[in-house]
Asks: 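Handing you a structure now.
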Amino acid sequence: MAMIMNKCTSVKLARKLSHPCCFSSDLFSLTANIRPLYPSTAKSFEFPALLLTFLNHYSVSPFHLNNANVHFTFDFNSFYVSFIDNSTHKTHLNQIHAHLLASGLQDCGFLITKLINVSCNLGEIRYARKVFDEFPDPDVFLWNAIIRGYSMHNMFGDVIEMYSMMQMAGVSLDCFTFPYVLKACSGLLALEMGWRVHGQIFRHGFELDVFVQNSLVAMYAKCSQIRHARMVFDGLYDRTIVTWTSIISGYAQNGEPIEALRIFSQMRQSNVKPDWIALVSVLRAFTDVEDLEQGKSVHGCVIKMGLEYEPDLLISLTAMYAKCGQVTVARSFFNQMKLPNLILWNAMISGYAKNGYAEEAVGLFCEMIGKNLSVDSITVRSAILACAQVGSLELARWMDDYIMRSEYRDDVFVNTALIDMYAKCGSLDFARIIFDRTLQKDVVVWSAMIVGYGLHGRGREAIDLYHAMKQSGVCPNDVTFVGLLMACNHSGLIEEGWELFHRMKDYDIEPRHQHYACVVDLLGRAGCLSQAYDFIMNMPIEPGVSVWGALLSACKIYRHVTLGEYAAEQLFSLDPYNTGHYVQLSNLYASVRLWDCVAKVRVLMKEKGLSKDLGYSLIEVNGKLQAFRVGDKSHPRYKEISVELERLEKRLMEAGFVPHTDSVFHDLNYEETEEILCNHSERLAIAYGLISTPPGTTLRIIKNLRACVNCHSATKFISKLVSREIVVRDANRFHHFKDGVCSCGDYW
DNA sequence: GTAGGGTTAG
């Protein structure tokens with residue numbers, strides 16, 4: 001049998017028929033079984049020969065054949081006609097039309113409506129339109145048929161056009177017309193048109209039709225008019241599960257998941273039983289708020305209702321678990337789906353990317369390309385985000401190259417992601433190239449570039465770009481200011497940062513935690529610790545982790561123990577299981593040689609079951625990332641690395657480098673300390689980079705933790721000794737080491 | 001012949 005199958009159609013049919021996870025084979029056997037039924041059954045029809053042609057060619061459904069009134073009730077629903085060889089559609093339709101003409105039935109509105117419906121179902125929308133145009137005086141059924149055709153193929157502009165023409169022709173609309181037209185308004189986000197249609201609905205007296213009203217709720221919700229959707233919803237006495245689902249998903253789509261969930265519980269109280277689409281909508285709301293526990297309870301509900309094999313629920317569950325960080329659980333749902341589905345893959349890739357499983361995300365993306373699966377803008381954006389996290393410039397180049405050859409090269413969202421990616425992979429130059437070639441830059445594009453400069457401590461350029469942005473008529477937003485403040489902070493532009501912070505109110509932007517944290521950082525950097533403390537005390541919002549963290553960092557740099565202890569106390573109560581805070585406090589104690597206190601912090605961590613995060617560094621050599629841990633001897637070239645390390649050590653000593661022992665977490669004796677220091681992962685990566693690349697090559701290193709004082713200082717020396725630029729991405733920012741100086745100005 | 005859902009950059 002010729003099989004040109006519409007994926008979506010086959011899924012719908014399979015849903016009606018059998019276990020969804022193995023639909024393809026069931027579908028085949030079912031079609032095979034019922035085919036032989038036709039010839040014998042068909043003989044008993046009294047209907048004209050052309051309708052037999054219809055049935056034989058365009059229907060594989062046995063369901064209607066046993067019906068005594070078959071010639072008036074048979075069904076040409078889209079999913080029953082999707083098995084026909086595409087190339088013969090046109091011929092068959094032509095034959096049928098010819099039969100109609102020959103039988104003098106060309107004016108039979110009923111048959112022509114059927115012909116139009118079948119043509120639309122087969123995707124022959126232009127043919128349908130031709131048949132429609134040739135019909136002398138179309139009635140409302142015929143108009144609805146052609147409008148339905150355009151609607152089912154998402155040709156919304158044509159829907160609206162036909163709707164206007166229908167009114168001009170003086171045909172009165174019925175309650176079937178409006179849902180198609182409203183769907184078109186939603187699809188086009190044509191709110192004005194939606195308003196007008198709403199007026200028509202009133203005038204035609206369809207304000208009680210539940211289909212029309214449900215469509216109105218959905219239309220307003222899709223056009224971001226959730227308040228209006230709510231007004232229609234509140235005015236409805238007769239609410240079906242579709243009504244409830246429309247308003248629930250409307251709130252979720254408009255960024256109000258909490259309200260969506262509140263209405264869901266209201267729905268449950270009204271004893272309306274959710275169906276699978278309602279559950280999908282509710283899952284989305286819990287996914288948005290990343291509420292794993294509630295998400296799990298919906299999962300329980302899905303199982304209770306026996307819907308756990310519903311493919312679209314599997315997708316929603318995958319998305320929910322993935323976004324809530326349960327990527328392994330998500331992956332098991334992902335693996336259950338045998339047929340490729342773009343949204344499922346997107347959910348898995350973005351879930352991986354969002355939760356730090358960057359390699360898995362990139363891997364899946366490559367798998368998609370390898371398998372020739374179609375991707376969309378969401379797929380590439382998630383993949384770009386993952387590349388940004390990996391940090392490899394080579395991978396970033398590959399991704400950029402892929403985008404340049406794709407249909408997304410002018411997509412402003414994709415380009416924003418690319419700018420961010422290049423900035424995080426260490427190349428502002430490439431980021432700038434993308435930025436410069438992006439037309440119609442919105443505030444997000446500008447902010448991404450400003451944040452990029454900020455990340456690399458290029459404060460002046462960030463501020464210049466900010467002025468250029470304003471000049472081009474784009475208004476800054478809160479993210480722009482995060483970028484600017486970060487840029488000032490990372491490059492020591494203390495007064496400029498302070499001034500910019502106060503400019504925020506000119507744009508009615510309420511500072512958030514990140515902005516306050518940047519200011520505390522700025523003050524801290526300038527050594528104004530008591531001002532920083534006063535600033536925190538006068539904040540209009542409750543200071544959070546980022547703010548106290550900034551203060552603790554400053555206290556560590558300036559060795560201010562009492563204030564540091566206070567900041568640490570706040571951090572421990574707000575964020576008790578974050579190892580970083582304990583390490584910072586311990587490093588503060590170590591810097592003033594308060595070894596007893598260092599030990600106390602260690603005990604505190606032990607009590608909480610925490611251990612210091614293992615440091616590692618990655619270095620990219622010839623497009624490959626190599627990982628090194630502290631004291632790592634496992635590398636195949638360890639012998640050479642170790643020789644290089646010793647050589648470096650010697651040269652460092654000769655150049656007058658003195659190790660800073662206080663960056664070691666434990667109280668060790670001097671020799672051991674020094675040995676561990678030069679075995680820090682960063683140094684291993686540098687040594688490997690030096691022996692693996694030609695002289696003068698920039699070394700690019702990615703660390704999982706913040707730079708330690710000792711490595712930072714040693715790396716400055718090394719950059720001068722070996723005449724190399726060394727670019728290090730630590731957990732917070734970039735350090736560009738060159739000629740013995742670091743771009744961070746020794747404050748990070 | 002009609003209505004509702006899932007993936008989304010800084």
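A note on names: the letters A, B, ... follow the listed sequences, proteins ahead of strands, and every chain is numbered from 1. These numbers come from the heavy atoms of this one structure, side chains and all, not from hydrogens, waters or symmetry mates.
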Asks: Touch check for A/A448, heavy atoms < 4.0 angstrom, all strands: base, sugar-phosphate only, or nothing?
Replies: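 Nothing, no nucleic acid heavy atom in range.
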Asks: Could you say whether the aromatic ring of A/F176 and the base of B/dG1 stack, counting only centre distances under 5.5 Å and plane angles under 30°?
Replies: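 Yes, A/F176 stacks on the base of B/dG1.
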Asks: Under 4.0 Å, counting only non-hydrogen atoms across every strand here, what does A/F178 touch: a base, just sugar-phosphate, or nothing?
Replies: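 Contact class for A/F178: none.
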Asks: Under the criterion side-chain contact (heavy atoms from CB on, under 4.5 Å), which of A/R230, A/Q225, A/M231 is the partner of A/Y220?
Replies: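 The residue from A/R230, A/Q225, A/M231 that satisfies side-chain contact (heavy atoms from CB on, under 4.5 Å) with A/Y220 turns out to be A/Q225.
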Asks: Do A/L342 and A/T379 come close enough that some side-chain heavy atom pair is under 4.5 Å?
Replies: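 They are in side-chain contact.
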Asks: Scan A/D209 against the nucleic acid and name what it touches under 4.0 Å (heavy atoms): base, sugar-phosphate only, or nothing.
Replies: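 Result for A/D209 = nothing.
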Asks: Looking for any heavy atom pair under 4.0 Å, which part of the strands does A/Q514 touch: base, sugar-phosphate only, or nothing?
Replies: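 Result for A/Q514 = nothing.
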Asks: Could you check whether the rings of A/Y357 and A/Y352 sit parallel, tilted or perpendicular, using 30° and 60° as the cut-offs?
Replies: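 The rings of A/Y357 and A/Y352 sit tilted, inter-plane angle from 30° to 60°.
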Asks: Could you tell me whether the side chain of A/T245 has a donor or acceptor atom within less than 3.5 Å of a complementary atom in the base of B/dG4?
Replies: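 Looking at the base of B/dG4, it does pair with a donor or acceptor on the side chain of A/T245 (distance under 3.5 Å).
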Asks: Measure the distance from CE on A/M469 to P on B/dG10 and round it to the nearest whole Å.
Replies: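 So the two atoms are 17 Å apart, to the nearest Å.
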Asks: Using a heavy-atom cut-off of under 4.0 Å over every strand shown, decide if A/I247 touches base, sugar-phosphate, or nothing.
Replies: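 Counting heavy atoms under 4.0 Å across all strands, no contact is made by A/I247.
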Asks: Without decimals, in angstroms, what is the distance between A/Q200 CD and B/dT2 P?
Replies: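 Between P of B/dT2 and CD of A/Q200: 22 Å.
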